[in-house]
Each structure stands twice: as C-alpha cells, then as structure tokens.
Amino acid sequence: MNILLMTIDKVSSSSIQQLLEEYKERLKHYCRFEYITIIMPKNVRYKSVEEQKKEECKAIIKHLKEHDCVVLLDEHGTEMRSVDFSKWIEKQGQSGKRIVFIAGGPYGFSEDMKTKFSQKISLSKMTFSHEIVRIIFLEQLYRAFTIIKGQKYHHE
C-alpha cells in the first residue's frame, strides 16, 4: 500500500519534527509511506487569503498523479472512530491506488480544491495547529495499521 501525506510549510519545532520521524519509521513496517512538505514562497504570505489558498492548491496539484485517491484533512470532513478509519484504510488499500492525504495551509483549502477532491476526513471538530495535525494524523494512521494487523496497540 502506498500512502503519501502532503503538508504546507515546514515544521519549526524540533520536538514535533522528532515525533514525525518516529511515526514515519513505525509506518515503514506497514506501507510505503511518503511525506512531502511544500514550502510556499514568502511572497505568497503577503497575498490575500483566497490568493494564498489558490497558490497552495497549484503547488499541491503538481505532486498528484492521475489515479491517486486524494483525501483532504478538513475540519468539515467525515469524522471516524479509529476502528472505522482502519477499515477505510484497508478498503482503500485494496484498490491499488496511492492514497494521498493533504493537510492544507494556515487558512485551509480553496473552494476549487474542495470541489475537485470530494473525499474529506476530519480529525476532530476542534481546530489544531498545522504542526500538531501532522502528529495526530500519523498516530491515527499507525493505529489503523495496528488494528488491521490485530496488534496490541489499540484498546477498545
């Protein structure tokens, strides 16, 4: 199974970067995991919010392949319990397509992006920083694989 997590802008906290590396290492045992951080040029941050979202969308689309299963990590997406997410991951993995999860920039996704990619998953009704979202998502992805494999990580 091929999974890509795509994020906007780099992590400034060394502690968060360390956790990201730990989960990336753990995920190697379950899938081909790739992580791409798109660094937006500084001049983009001086544009209007809508223009920033459009620029981010253009940058994201450059990394996508035609048959990717694209999922936006969006607060208005579908909420799932960890067990349900593991079932979803398992089902998507059977398609043979690369699963691409995208965490948007500081203002979320453009309307074009939301229209183009209809699959959206919410990690919570709460709002998290873009750095923390990465950790929460990777932990849930790791948890999903341990559930699929019947390993003793998730307790229910």
Side-chain angles (χ1 to χ4, degrees), residues 1-64 68-86 88-89 92 98-147 153-156:
M1 184 179 310
N2 295 324
I3 296 179
L4 167 64
L5 172 62
M6 198 180 314
T7 61
I8 301 292
D9 291 335
K10 65 182 180 178
V11 171
S12 59
S13 165
S14 60
S15 300
I16 290 177
Q17 188 59 47
Q18 210 171 1
L19 277 171
L20 285 171
E21 294 304 320
E22 180 180 327
Y23 279 104
K24 285 166 42 177
E25 189 64 31
R26 287 183 186 193
L27 286 167
K28 284 182 184 177
H29 302 287
Y30 302 100
C31 65
R32 287 186 56 211
F33 180 75
E34 187 181 0
Y35 178 78
I36 296 174
T37 301
I38 298 171
I39 307 299
M40 298 304 297
K42 290 187 183 200
N43 67 333
V44 170
R45 296 298 172 223
Y46 297 111
K47 295 182 177 187
S48 73
V49 169
E50 287 307 312
E51 288 172 325
Q52 287 183 53
K53 289 189 216 180
K54 286 179 183 177
E55 291 291 328
E56 290 165 0
C57 179
K58 287 180 200 173
I60 287 167
I61 288 175
K62 289 179 186 177
H63 293 277
L64 299 176
D68 285 340
C69 170
V70 177
V71 182
L72 305 182
L73 298 177
D74 183 87
E75 64 186 1
H76 302 291
T78 302
E79 287 189 44
M80 292 185 231
R81 296 176 58 252
S82 296
V83 171
D84 298 328
F85 182 58
S86 71
W88 185 89
I89 287 286
Q92 294 304 313
R98 179 174 75 158
I99 307 168
V100 180
F101 294 96
I102 305 171
Y107 302 106
F109 297 105
S110 68
E111 287 307 313
D112 290 345
M113 192 82 164
K114 289 180 183 180
T115 301
K116 185 172 180 73
F117 304 109
S118 61
Q119 289 197 75
K120 298 170 195 69
I121 292 178
S122 172
L123 298 175
S124 172
K125 289 184 181 184
M126 295 180 170
T127 302
F128 301 110
S129 75
H130 287 83
E131 292 186 340
I132 296 296
V133 162
R134 300 164 206 230
I135 300 300
I136 293 169
F137 175 74
L138 288 183
E139 192 283 332
Q140 285 300 301
L141 186 59
Y142 173 73
R143 181 177 296 273
F145 281 113
T146 64
I147 291 169
Y153 180 77
H154 180 76
H155 307 284
E156 197 164 293

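Keep in mind that this is a model prediction, so the values were computed, not measured. Throughout, numbering of the chain's residues begins at 1 and tracks the sequence.
- Between V71 and F117 there is no side-chain heavy-atom pair separated by less than 4.5 Å.
- In this structure, V11 and L20 approach most closely via the heavy-atom pair CG2-CD1, 3.7 Å.
- Side-chain N/O atoms of S110 and E56 include no donor and acceptor closer than 3.5 Å.
- Note on K58 versus E55: salt bridge recorded, some NZ/NE/NH1/NH2 to OD/OE distance being below 4.0 Å.
- Residues E75 and K125 form no side-chain contact, since every pair of their non-hydrogen atoms from C-beta on lies 4.5 Å or further apart.
- The environment of NZ in K47 is crowded: more than 12 heavy-atom neighbours from other residues, nucleotides or ligands sit within 6.0 Å.
- Of all heavy-atom pairs spanning H154 and S82, the tightest one is CE1-CB, 3.9 Å.
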Could you go through F85 and I121, starting from their C-alpha distance and side-chain angles, then the distance that decides it, and tell me whether this counts as side chain to side chain contact (heavy atoms under 4.5 Å, CB included)? CA-CA 9 Å; F85 182 58; I121 292 178; 3.9 Å; yes
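- Here the CZ atom belonging to R98 is positioned 11.0 Å from the SG atom belonging to C69, to the nearest 0.5 angstrom.
- Residues I102 and M113 share a closest heavy-atom pair of CD1-CE, 4.0 Å.
- With I36 as reference, L4 is the one residue of I60, T7, L4, V100 to meet the side chain to side chain contact (heavy atoms under 4.5 Å, CB included) rule.
- Environment of OH in Y153: crowded, with over 12 heavy atoms of neighbouring residues, nucleotides or ligands closer than 6.0 Å.
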Side chain to side chain contact (heavy atoms under 4.5 Å, CB included) between Y46 and E51: does it pass, once the steps are laid out? CA-CA 9 Å; Y46 297 111; E51 288 172 325; over 6 Å; no
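- The shortest side-chain heavy-atom distance between F145 and I3 falls under the 4.5 Å cut-off.
- Side-chain atoms of E79 and S124, non-hydrogen and from C-beta on, never get closer than 4.5 Å to each other.
- When side chains are defined from C-beta on, T78 does not count as touching K120, because their heavy atoms never get closer than 4.5 Å.
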If you apply the rule side chain to side chain contact (heavy atoms under 4.5 Å, CB included), what do you find for L5 with F33, and how did you get there? CA-CA 8 Å; L5 172 62; F33 180 75; 3.9 Å; yes
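- To the nearest 0.5 Å, atoms CD (Q140) and CZ (R143) are separated by 5.5 Å.
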Assess whether salt bridge (charged side-chain N to carboxylate O under 4.0 Å, His left out) is satisfied between R26 and E22, documenting all intermediate values. CA-CA 6 Å; R26 287 183 186 193; E22 180 180 327; 2.6 Å; yes
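- Distance NE2/H130 to CD1/I16: 12.5 Å, rounded to 0.5 Å.
- Between E111 and K53, the closest side-chain pair of non-hydrogen atoms is not below 4.5 Å.
- Under a cut-off of 6.0 angstrom, the local environment of NZ in K114 is crowded, with over 12 non-hydrogen atoms contributed by other residues, nucleotides or ligands.
- When every heavy atom of I89 is checked against every heavy atom of I99, the shortest pair comes out as O-CD1, 4.4 Å.
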Could you walk me through whether R45 and M40 pass the side chain to side chain contact (heavy atoms under 4.5 Å, CB included) check? CA-CA 8 Å; R45 296 298 172 223; M40 298 304 297; 3.6 Å; yes
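- Here K54 does not pair with E50 in a salt bridge; the nearest charged N to carboxylate O distance is not below 4.0 Å.
- The shortest distance between side-chain heavy atoms of V133 and S129 does not fall below 4.5 Å.
- Taking both residues in full, the closest heavy atoms of G104 and I8 are given as C-CG1, 3.9 Å, listed atom of the first, atom of the second, then distance.
- Using modelled atom types, no side-chain atom of D68 and backbone atom of V70 make a donor-acceptor pair closer than 3.5 Å.
- In this structure, OG in S48 is found 10.0 Å from OH in Y107, a value given to the nearest 0.5 Å.
- Contact detail for F109 and A103: the closest heavy-atom pair is CZ-C, 3.9 Å.
- Between V83 and W88 there is no side-chain heavy-atom pair separated by less than 4.5 Å.
- A donor-acceptor pair shorter than 3.5 Å can be found between the side chains of Y35 and R134.
- A 6.0 Å sphere centred on CZ of R32 holds no more than 12 heavy atoms belonging to other residues, nucleotides or ligands.
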